[in-house]
Asker: 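Sharing a structure below in structure tokens format, with a few things to ask.
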Amino acid sequence: MEKQDDLKRIAELRRVIEYHNKRYYQQDAPEISDTGYDLLMRELQNLEERCPEAYSPSSPTQRVGAAPLSKFASFNHPSPMFSLANAFTHEEIIEFDKRIKRLAGVNAISYVAEPKLDGLAVNLIYENGIFRQGATRGDGTTGEDVTRNLKTIATLPLKMKSTAHHPAPSFIEIRGEVYIEKEPFQKLNIRRTEEGEEPFANPRNAAAGSLRQLDSRITARRPLNIFFYGVGNVEALGVSTHWEALQKLSDWGFPVNQLIERAEDISACIQYFERVRNMREKLPYEIDGVVLKVNDLTLQKTLGNVSRNPRWAMACKFPAAQETTIVKNIDVQVGRMGTLTPVAIMEPVNVGGVMVSRATLHNEDEVLKKDVRVGDTVVIQRAGDVIPEVVKVIPEKRPETAAPFKMPVHCPECGSEIVRLEGEAAHRCINISCPAQLKEHIRHFASRGAMDIEGLGEKVSAQLFDARLIADPADIYFLTKEQLVALDRQAEKSAGNLIDAITKSKNPALDKFIYALGIRHVGERNAKILADHFGSLETLMKAQREDLTVINEIGPEIAASIVGFFHEHKNIDVMNKFGMAGVIPQKKAVNQSAPLLGKSFVFTGTMESMGRSEAKTMVENLGGTIHSGVTKKTTYVVAGSDPGSKLDKARSAGIKIISEEEFLKLISR
Ligand code: IVH
């Protein structure tokens, strides 16, 4: 009897909690306090634990997250996830329409115009109306299974609202964009800064970082949201237009963006583009353009794809958002390699939805070229996730007293001499024990794209360094919880979390580890190339210059830097310490999965089927690179009609020359 009561109460609680979720998340009108809500949730969790037979993948308790995973499983998308080609001007948008008309042999095309949300794409599998599995886009074929994290997103339906009129299909792949709104993003960053963690650069990074958390309880605390804009296996819908598909998604309870419209022709699309562009700042979430999609699904199918991009859709990007503000100061920061970087500290200003108060000025030449001075009014811009930059000074607004910028002659951190090497733009502090450099080095090692040690941001790294608990990145692995607790601001719990995060990072992907080492000229991209090529740290460490320069992207300067790094005694010591601490990067099978990996292309002449930027995206998506001039390392020269002198150069250098047709074959293999 008691069991019956429990089951009844479970059903009731689920209903009540869903109701309050809706009031809170969708209608922005909560009826009960957070504590009241927590009590209901806890009661439901307890009951579900007592009655495992009542388990349901769509219970609201599924949204609160579960114990951490050690890594994400990979997920093969049943239908591939494509990306979009970009247009930047009205002309390019018109060109897109013309191309479609030509290919389809018709003279009228209608479109659906949508905002291009700046988040990350996900693919969700629903079976008979129940959310089963969801994954990130990854390379379009294989992503990461982030089901548990997706379940924490309050606006993501765990169960479709199917009706007799709109029954749920037995299997459907629904596509959408996970994002964070501007305001919750600011709050999240304030909280992180207070907790001594790195703030996220922008809402998209925050969304991606949150969705890729191994601990879904952390994800559950992040203000993630989702909009849906497509279906992988669109046949499952039984509709004939994209517009109807979106309608159906909306009827099933999937949040579909309100700004999506039908556009009868390309001029309506351009009007839409301008209208949405003017609304951009006022929207609660970030967008970086609009997406145009051919409405007719049969026509979409006929048009098909070129490489990874559908011919029936186009991303029309907004030009960078600009604002003016005043330079309050020009700080000089010391980086990991001792490089001195002037940074403009400005009156905070909202640029395209993000508050900006700092912008890098790169080096002395750049400051002098733009002639940025303290007190100047400047135009700054931010394009997509690009770091804010100073575009120009407004000379009329310069105060009379403003003096030209001068680089300091002594390191602002350690007082050592500053030098500028021949042929280099950068000034450097040459003291290799400069604390600013060492701190930066450690911060870089632990950062997101590197070892990703959560909780070891700028502040904590500096704190540990100043307390002399660490002097190099390997020391991190010898820290104890007691040492951390003894530091101020490190409470028992966060110390424990940090130790866990450190332990979790002991078996990193090889490319992340190589990148984390902070070898000069080895950024994320080169680290990946090295990992793919050498497969293990040991092989890389033994590599001679020649072993490195045979790799297409690795030039003599990079090779010298890598060989130099692994020969330096101090670095060898650090590498040994990593070994002793049990930090072992994963080995990689040296498989060249990206078909154009290591191949470089040069284009000359005009191509019939696509523009340069399209070709570039395609080559890069398949792992290849594009260069403007022919060199010994060029793999292919693609000759269109009216080729230029590059063709002669390729002939005399004996480089393989291919036609547009051969190129298309190469990329569609
Ligand atoms: S459609 C084949 N619609 O843009 C169509 N994508 O470069 C593929 N995105 O990976 C996507 N808003 O992350 C589509 N309304 C929208 C979108 C959108 C943002 C993102 C998505 C995708 C990327 C394509």
Side-chain angles (χ1 to χ4, degrees), residues 77-88 92 96 100 111-124 134-144 146 150 173-181 202-208 211-212 224-234 241-243 245-247 249-250 254-263 269 272-273 276-277 279-280 283-297 299-318 384-385 613-614 616-618 620-621:
H77 298 294
S79 326
M81 289 182 81
F82 295 117
S83 52
L84 297 168
N86 292 324
F88 294 96
E92 285 173 356
F96 160 70
I100 292 178
Y111 295 93
V112 172
E114 312 180 356
K116 185 168 189 301
L117 308 156
D118 205 6
L120 74 156
V122 290
N123 188 23
L124 310 184
T136 57
R137 176 174 180 278
D139 62 6
T141 309
T142 311
E144 285 178 317
V146 287
L150 284 164
E173 288 173 77
I174 303 196
R175 266 95 198 252
E177 191 89 350
V178 171
Y179 67 97
I180 290 182
E181 291 195 342
N202 53 47
R204 185 182 29 163
N205 285 3
L211 193 64
R212 298 189 60 258
L224 290 173
N225 228 319
I226 188 163
F227 272 129
F228 294 87
Y229 51 64
V231 171
N233 55 332
V234 75
T241 62
H242 178 59
W243 181 256
L246 292 176
Q247 197 58 52
L249 290 187
S250 175
F254 294 98
V256 172
N257 190 286
Q258 290 288 318
L259 299 175
I260 299 183
E261 285 182 18
R262 265 181 300 188
C269 291
Y272 177 88
F273 175 80
V276 173
R277 182 175 147 186
M279 294 198 271
R280 182 184 189 183
L283 294 175
Y285 43 82
E286 288 215 348
I287 59 174
D288 59 348
V290 306
V291 182
L292 304 179
K293 299 176 183 171
V294 167
N295 193 21
D296 185 328
L297 296 176
L299 183 52
Q300 283 189 6
K301 209 163 169 190
T302 321
L303 288 166
N305 313 302
V306 201
S307 176
R308 313 296 300 167
N309 298 335
R311 285 204 187 81
W312 47 266
M314 180 63 83
C316 314
K317 295 290 198 68
F318 296 139
D385 71 336
S613 68
E614 263 176 284
K616 183 165 187 298
T617 319
M618 280 180 227
E620 286 175 352
N621 284 348

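Note that the coordinates shown come from a computational prediction; the quantities given were computed from them, not determined experimentally. When a ligand or atom number is given, it counts from 1 through the structure's own listing order.
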Asker: Are Ser83 and Arg137 packed together at the side-chain level, in the sense that at least one heavy-atom pair is separated by less than 4.5 angstrom?
Answerer: yes

Asker: Quickly, which of Asp118, Leu117, Val122 forms a side chain to side chain contact (heavy atoms under 4.5 Å, CB included) with Glu177? Name it, please.
Answerer: Leu117

Asker: Are His242 and Asn295 packed together at the side-chain level, in the sense that at least one heavy-atom pair is separated by less than 4.5 angstrom?
Answerer: yes

Asker: Applying ring pair (Phe, Tyr, Trp, His ring centres under 6.0 Å), can you list everything that pairs with Tyr111, at least two apart in sequence or on another chain?
Answerer: Phe96

Asker: Any protein N/O atoms within less than 3.5 Å of an N/O atom in ligand 1? List the atom names and distances, or say none.
Answerer:
residue	atom	partner	partner atom	Å
ligand 1	3 (N)	Lys293	NZ	3.0
ligand 1	4 (O)	Lys116	NZ	3.3
ligand 1	7 (O)	Leu84	N	3.1
ligand 1	12 (N)	Leu117	N	3.0
ligand 1	13 (O)	Glu177	OE1	2.5
ligand 1	13 (O)	Glu177	OE2	3.2
ligand 1	15 (N)	Glu114	OE1	2.7
ligand 1	15 (N)	Pro115	O	3.3

Asker: State, yes or no, whether a side-chain contact exists between Val178 and Leu150 at a heavy-atom distance under 4.5 Å.
Answerer: yes

Asker: Under 30°, 30 to 60°, or over 60°: which ring-plane class applies to Phe318 and Phe273, parallel, tilted or perpendicular?
Answerer: tilted

